[in-house]
Amino acid sequence: SPSRAPSDVPTRLCRCVFEVFYTMLAKNRLEMMIPAKERKRLIAALERSSGAITDATAPMNILKADAFDQKDKTWILKEVEDSGIGHRKVTQMVIEGTRDAVTRFAVSEAERSEGGSRLRVSVALALRDQGKYAKGRELLEGVVAAREAAEGAGEGAAEATLDARGWLGH
């Protein structure tokens with residue numbers, strides 16, 4: 001299912017949650033197609049907050065998901081119950097898979113952005129929060145290099161370097 005934006009996640013639909021669950025259960029990598037308008041909204045949310053990835057994925061819950069056809073939802077919930085996995089585990093798998101897909105999108109966008117961009121910093125912080133320190137450090141090194149190039153090797157660049165290292169907690 002395509003992601004719309006943190007405030008309008010389609011995986012609130014039971015069918016989408018179910019499809020993501022079976023993708024994760026099969027140990028396949030979830031790929032999300034995000035329309036251009038929604039990509040802009042998600043990038044803007046990421047520029048405002050490193051928590052945008054969590055915000056986009058946290059509200060998912062198969063029990064609370066909507067359905068166009070209530071029979072569909074009844075069938076899906078029975079399938080989940082019969083699987084022996086349970087609603088909580090299904091929700092957890094869907095959140096993790098969707099978070100990973102949104103994170104890959106965010107990293108790709110950050111890598112294409114300008115070296116000193118707010119997006120790079122925000123995505124690096126999100127990676128830190130997910131325990132993905134190496135990739136976060138790589139993005140921040142680009143931020144530091146861009147700031148050093150813009151400011152020279154003066155005091156401001158040194159402060160940017162220290163700030164970047166502090167963001168990663170190392």
Side-chain angles (χ1 to χ4, degrees), residues 1-13 16-17 19-21 23-61 88-170:
S1 296
S3 178
R4 296 188 188 252
S7 62
D8 192 17
V9 180
T11 45
R12 289 187 179 133
L13 291 175
C16 295
V17 173
E19 290 172 5
V20 171
F21 162 65
T23 299
M24 304 315 301
L25 189 62
K27 300 194 184 307
N28 290 322
R29 182 172 145 164
L30 178 66
E31 296 291 336
M32 300 176 84
M33 301 302 294
I34 305 173
K37 181 179 175 184
E38 305 306 334
R39 291 170 72 89
K40 288 180 184 178
R41 286 179 57 200
L42 184 52
I43 291 167
L46 286 163
E47 288 173 336
R48 287 189 304 274
S49 169
S50 64
I53 294 170
T54 300
D55 294 345
T57 57
M60 296 173 201
N61 183 327
R88 281 192 185 163
K89 181 67 176 170
V90 168
T91 296
Q92 178 186 351
M93 289 172 71
V94 169
I95 290 170
E96 289 172 4
T98 306
R99 183 186 59 230
D100 287 347
V102 173
T103 299
R104 285 192 308 276
F105 164 79
V107 168
S108 174
E109 291 298 318
E111 289 173 340
R112 288 190 289 203
S113 69
E114 292 182 26
S117 76
R118 174 68 188 137
L119 180 60
R120 277 184 177 242
V121 173
S122 187
V123 172
L125 288 169
L127 290 167
R128 176 205 60 194
D129 294 346
Q130 294 179 24
K132 298 175 181 176
Y133 299 108
K135 190 62 181 177
R137 182 175 293 112
E138 182 182 317
L139 287 176
L140 285 178
E141 286 172 358
V143 171
V144 171
R147 288 182 181 175
E148 286 176 343
E151 298 176 17
E155 196 173 305
E159 288 175 18
T161 304
L162 292 173
D163 285 348
R165 289 189 182 135
W167 286 330
L168 287 173
H170 299 290

Indicate every side-chain donor-acceptor pair of residues 47-54 with a distance under 3.5 Å to a residue at least two apart or in another chain.
| from | atom 1 | to | atom 2 | distance (Å) |
| --- | --- | --- | --- | --- |
| R48 | NH1 | A44 | O | 3.4 |
| S49 | OG | G51 | N | 2.9 |

Side-chain (S113) to main-chain (A110) donor-acceptor, under 3.5 angstrom: yes
Please check this pair: side chain of R104 against backbone of L30, looking for a donor-acceptor N/O pair closer than 3.5 Å. yes
Which atom names give the shortest non-hydrogen contact between T98 and V20, and what distance separates them? OG1-CG1, 3.8 Å
Which pair of non-hydrogen atoms, one from R120 and one from G142, has the smallest distance, and what is that distance? NH1-CA, 4.0 Å
I'd like to know if R99 and E96 make a salt bridge, using a cut-off of under 4.0 Å between side-chain N and carboxylate O. no
Please assess V143 against L139 for the test side-chain contact (heavy atoms from CB on, under 4.5 Å), listing each intermediate value before the final yes or no. CA-CA 7 Å; V143 171; L139 287 176; 5.8 Å; no
For T103 and L127, which heavy atoms make the closest approach, and how far apart are they? CG2-CD2, 3.7 Å
Contacts of E111 meeting salt bridge (Lys or Arg N to Asp or Glu O under 4.0 Å) (sequence neighbours excluded), chain-then-number -> K135
If I take atom CD from residue E109 and atom OG from residue S117, how far apart are they, to the nearest 0.5 angstrom? 10.5 Å
Residues forming a side-chain contact (heavy atoms from CB on, under 4.5 Å) with M93, sequence neighbours excluded: F21, M24, L25, K89
Say you draw a straight line from OG1 of T91 to CG of N61; how long is it, rounded to the nearest 0.5 Å? 4.0 Å
For I43 and F105: C-alpha separation, side-chain torsions, deciding distance, then whether side-chain contact (heavy atoms from CB on, under 4.5 Å) applies. CA-CA 9 Å; I43 291 167; F105 164 79; 4.0 Å; yes
When rounded to the nearest 0.5 Å, the distance separating CD of E138 from CG of L140 is 10.5 Å
